[in-house]
Amino acid sequence: MRFDILTIFPELFASPFEEGILRRARSNGKIRIRLHNIRDFAVDRHRMTDDRPFGGGPGMVMKPEPLTAALDAVQAEDEPGRVVLLSPRGVPYNQRIAERFAGCGRLVLVCGRYEGVDERVSRSRIDEEISIGDYILTGGEIGAMVIVDSVTRLLPGVLGSDESAESDSFSRGLLKHPQYTRPRIFQDMEVPEILLSGDHAKIEEYRLVESVRVTLKRRPELLDHVQFSARERKLLRRAGLLSAKGWADAD
Ligand code: 9D3
């Protein structure tokens with residue numbers, strides 16, 4: 001998979017791709033990341049990438065010419081990629097979109113800055129606009145990092161079988177159950193007895209119940225899309241998590 005990132009701050013990307021799974025994916029050749037400085041495509045004397053908004057108002061708008069020239073140059077290098085603009089007015093990013101992007105082969109990530117990009121560029125050159133959530137950032141660069149990270153780990157052969165969370169039975173739309181490792185007692189706090197018992201059936205039951213408990217408390221809306229078997233419903237009812245009417249309170 002190839003990622004091209006268009007930004008006025010390429011230096012921001014110095015370290016995020018240099019460690020861990022992303023570094024390994026790059027050295028394995030599973031992904032290739034190319035950074036492009038939009039300013040290099042500005043031809044005016046001051047190499048300006050922004051200008052004042054027509055109609056007035058605060059802030060600046062990303063000028064169309066440098067961004068369009070950058071997109072033309074980058075798209076000419078290879079088979080054209082899908083062009084994604086990171087923008088606070090984009091569609092909220094999620095795992096389904098990450099999975100779709102992982103099938104794209106090439107993504108061109110455009111990092112918005114200032115108040116946004118000229119609408120004529122969005123209309124003519126951008127395939128989709130993505131936001132990474134309902135909070136205000138200073139630009140799209142961190143969003144581009146989020147997309148590279150989340151898409152890369154979905155690519156075939158990037159995660160070892162050990163790292164692949166999708167094999168986990170609780171990646172069925174529930175939050176992860178609590179996890180523990182050694183020591184058995186840490187600052188007077190013990191590991192739940194059941195996890196030390198070696199009874200794998202009981203451990204799976206405990207984990208399901210705890211997954212549902214934490215999901216109900218923090219992300220109750222996720223439970224609308226989860227199906228439970230009759231056996232599981234019985235366990236959950238016993239734990240007081242599933243009342244006759246529907247879901248009970250988390251604690
Ligand atoms: C005053 C209106 N603001 C829109 C909410 C202006 C504005 C805020 C922040 C315009 C641009 C930005 C910069 N943000 C991004 O480029 C951005 C972003 C974000 O702010 N939140 C979540 N996802 C993203 S992706 C790109």
Side-chain angles (χ1 to χ4, degrees), residues 1-18 21-22 31 33-42 46-75 80-104 106-155 218-219 221-222:
M1 172 115 192
R2 170 171 174 175
F3 298 96
D4 290 274
I5 301 174
L6 278 60
T7 172
I8 59 166
F9 294 129
E11 298 83 3
L12 281 177
F13 296 86
S15 66
F17 308 140
E18 304 284 330
I21 290 165
L22 290 186
I31 62 167
I33 303 170
R34 303 221 27 208
L35 293 166
H36 310 273
N37 192 338
I38 297 166
R39 197 175 297 282
D40 292 345
F41 297 87
H46 295 105
R47 304 217 299 160
M48 299 294 288
T49 56
D50 63 334
D51 205 342
R52 302 192 329 268
F54 276 125
M60 299 292 270
V61 176
M62 198 168 255
K63 285 173 72 63
E65 303 94 322
L67 184 50
T68 307
L71 279 167
D72 285 342
V74 164
Q75 290 284 47
R82 186 155 184 85
V83 182
V84 176
L85 173 66
L86 281 303
S87 146
R89 62 202 283 252
V91 172
Y93 191 58
N94 60 32
Q95 192 65 20
R96 275 198 317 284
I97 300 173
E99 284 162 13
R100 180 163 57 78
F101 284 172
C104 278
R106 184 179 181 200
L107 283 181
V108 177
L109 303 172
V110 179
C111 305
R113 276 273 154 178
Y114 319 117
E115 285 302 296
V117 312
D118 187 287
E119 184 69 13
R120 293 164 295 184
V121 178
S122 328
R123 290 273 173 94
S124 61
R125 303 311 215 79
I126 303 294
D127 294 318
E128 48 193 304
E129 279 190 45
I130 295 287
S131 156
I132 60 160
D134 291 342
Y135 37 78
I136 303 175
L137 301 170
T138 57
E141 283 77 7
I142 292 173
M145 296 172 198
V146 166
I147 291 180
V148 170
D149 189 282
S150 55
V151 169
T152 298
R153 64 179 290 291
L154 292 174
L155 298 173
R218 297 182 186 168
R219 299 287 305 280
E221 78 282 5
L222 296 181

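Numbering of ligands and ligand atoms starts at 1, following listing order. These numbers come from a predicted model, not from an experiment.
Note on Arg89 versus Glu119: salt bridge recorded, some NZ/NE/NH1/NH2 to OD/OE distance being below 4.0 Å. The pair Lys63-Asp118 does not count as a salt bridge, with every side-chain nitrogen at least 4.0 angstrom from each carboxylate oxygen. Remark: Glu115 does not engage Arg52 in a salt bridge, criterion side-chain N to carboxylate O under 4.0 Å.
Annotation: the span from Glu99 atom CD to Leu154 atom CG amounts to 6.0 Å, rounded to 0.5 Å.
Residues of the protein with a heavy atom under 4.0 Å from ligand 1 are Leu86, Ser87, Pro88, Gly112, Tyr114, Glu115, Ile130, Ser131, Ile132, Gly133, Tyr135, Ile136, Leu137, Thr138, Gly139, Gly140, listed by chain and number.
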- After noting the C-alpha distance and the side-chain angles of Val117 and Leu67, does the key distance pass the side chain to side chain contact (heavy atoms under 4.5 Å, CB included) rule? CA-CA 9 Å; Val117 312; Leu67 184 50; 4.0 Å; yes
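Within 6.0 Å of CG in Leu222 there are more than 12 heavy atoms belonging to other residues, nucleotides or ligands.
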